[in-house]
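Presented below is the structure to which this report refers.
This one's a predicted model, so the numbers in the text were calculated from it and none came from an experiment.
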Amino acid sequence: MAKNGVPVETTEEKYERARRLESSTECLLRDKERADIYKKVSKIYEELGSYEDAKERREACAAKASEYRKKYQRQEEEKKALEQKNKEQEEHSGGRKAGKAVLVLIALVLIAAAGFAVFLKTKPGRYARADFYEKHENYKKSYQMFQNLKGYRDSADRSKECYYEYAGQCAEQKDLTTAKNVYRQLQDYKESEERLTEVEIENIREKDIGDEVLYGECRWLILEKEKDRVFLLKSVPVNGVAYNEHVGKETTTWENSSLREYLNSAFIDETFNTPAQSRIETTAIQTADKQKVITTKDRLFLLNAGQAEQYQDIHQNYLRDWWVIDAGAHKNTAQFVSYGVLMPYGYDVTDTNINIRPAMWISIK
């Protein structure tokens with residue numbers, strides 16, 4: 001996105017940048033640097049407002065910034081206190097030798113610490129730290145450290161495995177947003193697709209009618225909730241799709257429309273992985289053609305005129321024109337919704353300027 005020719009960071013990009021900065025603190029050794037980074041990240045999350053889990057992350061980062069700032073200040077105070085103590089020992093008569101011994105010991109400790117710190121910055125040292133975190137089930141740190149090793153030994157494989165385990169921990173802790181994002185990035189690794197669907201279903205169970213949820217590759221509005229299933233409508237309309245591309249002598253009905261074929265073949269395959277598709281129920285759809293009722297069985301379909309009016313308060317989040325399933329007043333026309341209001345007279349079914357909003361029932365057992 002650009003404004004006046006100057007690139008502008010989107011909310012999603014800003015959120016991802018904040019997440020990367022937050023993750024980078026794990027590789028820092030100085031508490032002062034950690035405090036500065038967490039303070040910066042907290043300000044970014046504050047700018048994001050209520051986007052995703054930005055509010056919770058802002059509070060967490062602000063708390064961490066304060067924690068590391070205090071730790072750094074305590075270290076500085078302890079350092080100054082130690083220096084003062086050594087000075088007093090040196091000035092005390094008879095304590096010079098002891099003071100020198102202490103200084104030598106401190107020097108040796110500092111040399112050893114410096115050597116160890118240098119080792120930890122090497123690839124073998126970083127690999128050892130990542131291995132330690134993985135064995136102690138701190139998968140968030142371990143996957144980040146293995147990832148930063150950029151192919152050293154088996155770090156790429158171990159990073160992916162730790163990332164997979166991290167997603168499982170997030171799901172157990174009810175951090176469903178993070179779990180979904182991780183499983184989605186892992187794609188077909190192990191059972192990531194199955195677990196992604198489980199997490200998305202769990203998230204839908206916890207949402208209310210009118211809420212927006214992510215399922216497959218799209219966001220959906222919850223229109224109805226029953227005990228074991230939920231009725232969903234695509235939140236953002238899809239443009240450029242006619243109700244029926246090829247009109248012949250036969251009058252267009254939902255049964256013979258190209259849109260019905262597209263939604264239940266190409267669209268469903270492009271939008272949902274196999275586990276997600278298995279949750280979509282087959283629904284009996286009834287439409288009328290010259291007083292004749294036609295029944296079809298579809299997994300994806302459009303709202304009918306009655307449903308468009310019934311759920312008007314929910315689907316008005318987008319005011320683009322979009323098709324409903326019923327025929328219009330004239331041959332080869334279909335009804336549509338414009339600015340949230342049903343237009344029963346209809347429009348030419350070959351028109352591609354009217355959008356589509358697929359609907360479906362999914363099982364949440």
Side-chain angles (χ1 to χ4, degrees), residues 52 170-172 174-177 179-180 183-184 191 193-238 254-255 257 259-265 267-288 293-318 322-326 334-337 340-342 355-365:
E52 293 284 0
C170 291
E172 290 177 2
K174 297 299 182 181
D175 183 1
L176 302 182
T177 299
K180 283 191 299 180
Y183 282 133
R184 193 172 293 277
E191 297 180 348
E193 290 186 343
E194 290 81 356
R195 293 192 176 187
L196 171 61
T197 299
E198 291 172 3
V199 171
E200 289 180 337
I201 291 295
E202 179 63 25
N203 182 59
I204 291 172
R205 289 193 190 105
E206 296 181 357
K207 297 296 183 178
D208 298 320
I209 291 175
D211 286 344
E212 186 179 74
V213 294
L214 179 65
Y215 192 68
E217 298 300 319
C218 301
R219 294 191 174 276
W220 306 80
L221 295 172
I222 298 177
L223 300 182
E224 283 189 32
K225 290 192 75 173
E226 297 181 358
K227 181 180 179 181
D228 294 324
R229 63 181 192 153
V230 174
F231 191 27
L232 301 177
L233 175 72
K234 192 173 184 309
S235 179
V236 182
V238 180
W254 168 249
E255 182 183 27
S257 68
L259 179 55
R260 179 187 175 218
E261 179 182 358
Y262 166 67
L263 289 180
N264 288 279
S265 55
F267 182 86
I268 201 171
D269 290 335
E270 293 168 358
T271 306
F272 307 102
N273 59 35
T274 301
Q277 286 190 34
S278 68
R279 292 275 187 169
I280 304 174
E281 297 184 349
T282 298
T283 304
I285 306 297
Q286 291 188 336
T287 52
V293 176
I294 303 173
T295 300
T296 59
K297 292 184 177 181
D298 303 298
R299 302 173 76 186
L300 289 175
F301 48 91
L302 303 180
L303 296 185
N304 59 39
Q307 291 169 328
E309 294 183 327
Q310 177 183 353
Y311 305 119
Q312 183 177 8
D313 291 341
I314 299 176
H315 64 58
Q316 287 192 93
N317 62 321
Y318 275 88
W322 45 277
W323 297 111
V324 296
I325 204 168
D326 300 303
Q335 298 182 38
F336 65 101
V337 171
V341 179
L342 178 69
N355 302 273
I356 60 170
R357 298 184 82 169
M360 61 183 177
W361 282 96
I362 65 168
S363 171
I364 59 171
K365 290 182 181 178

Could you check whether any side-chain heavy atom of [X] comes within less than 4.5 Å of a side-chain heavy atom of [Y], counting everything from C-beta outward?
X: Arg279; Y: Ile201; answer: yes
X: Glu226; Y: Val230; answer: no
X: Leu196; Y: Lys180; answer: yes
X: Val337; Y: Arg357; answer: no
X: Gln277; Y: Asp269; answer: yes
X: Arg184; Y: Glu200; answer: yes
X: Trp254; Y: Leu259; answer: yes

Please report the interatomic distance [atom1]([X]) to [atom2]([Y]), rounded to the nearest 0.5 Å.
X: Met360; Y: Leu302; atom1: CE; atom2: CG; value: 13.5 Å
X: Leu176; Y: Ile204; atom1: CG; atom2: CD1; value: 11.0 Å
X: Glu206; Y: Ile364; atom1: CD; atom2: CD1; value: 11.0 Å
X: Asp228; Y: Arg205; atom1: CG; atom2: CZ; value: 9.0 Å
X: Phe272; Y: Cys218; atom1: CZ; atom2: SG; value: 6.0 Å

Margin query: Can you list everything that forms a side-chain contact (heavy atoms from CB on, under 4.5 Å) with Ala359? Sequence neighbours excluded, please.
Written below: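 side-chain contact (heavy atoms from CB on, under 4.5 Å) check on Ala359 returns Phe231, Leu233, Phe301, Leu303.
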Check: With sequence neighbours left out, what residues match Trp322 under ring pair (Phe, Tyr, Trp, His ring centres under 6.0 Å)?
Finding: His315
Next item on the list: Taking ring pair (Phe, Tyr, Trp, His ring centres under 6.0 Å) as the test, write out the residues that go with Tyr183, two or more places apart.
Entry: none
Checklist line | side-chain contact (heavy atoms from CB on, under 4.5 Å) assessment of Glu255 paired with Thr287 | finding: CA-CA 8 Å; Glu255 182 183 27; Thr287 52; 5.8 Å; no
Quick one: does [X]'s side chain have a donor or acceptor within less than 3.5 Å of a partner on [Y]'s backbone?
X: Asn304; Y: Asp326; value: no
X: Arg229; Y: Ile362; value: no
X: Gln335; Y: Ile325; value: no
X: Asp211; Y: Asp208; value: yes
X: Thr271; Y: Ile268; value: no

Residue pair [X] / [Y]: nearest heavy atoms and the distance that separates them:
X: Leu221; Y: Gly210; result: CD2-O, 4.2 Å
X: Trp220; Y: Tyr215; result: NE1-O, 3.0 Å
X: Ala171; Y: Ala179; result: N-CB, 3.9 Å
X: Asn273; Y: Pro275; result: OD1-CD, 3.1 Å
X: Ala334; Y: Trp323; result: O-CZ3, 3.4 Å
X: Val324; Y: Ala308; result: CG1-CB, 3.9 Å

Check: Who are the side-chain hydrogen bond (donor to acceptor under 3.5 Å, both in side chains) partners of Lys225, not counting sequence neighbours?
Finding: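 Scan of Lys225 (side-chain hydrogen bond (donor to acceptor under 3.5 Å, both in side chains), adjacent residues dropped) gives none.
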Next item on the list: Would you please name every residue forming a side-chain hydrogen bond (donor to acceptor under 3.5 Å, both in side chains) with Glu212, sequence neighbours left out?
Entry: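 If we apply the side-chain hydrogen bond (donor to acceptor under 3.5 Å, both in side chains) test to Glu212, skipping adjacent residues, the hits are Ser235.
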Next item on the list: Under the side-chain contact (heavy atoms from CB on, under 4.5 Å) rule, what do Val213 and Leu232 come out as? Steps first, then yes or no, please.
Entry: CA-CA 9 Å; Val213 294; Leu232 301 177; 4.3 Å; yes
Item checked: Residue pairs fulfilling salt bridge (charged side-chain N to carboxylate O under 4.0 Å, His left out) with at least one residue in residues 296-306, sequence neighbours excluded -> Arg260-Asp298
Checklist line | Derivation of the side-chain contact (heavy atoms from CB on, under 4.5 Å) call for Ile209 and Ile222 | finding: CA-CA 5 Å; Ile209 291 175; Ile222 298 177; 4.3 Å; yes
Notebook entry, point to check: side-chain contact (heavy atoms from CB on, under 4.5 Å) between Glu193 and Thr197: does it pass, once the steps are laid out?
Noted result: CA-CA 6 Å; Glu193 290 186 343; Thr197 299; 5.7 Å; no
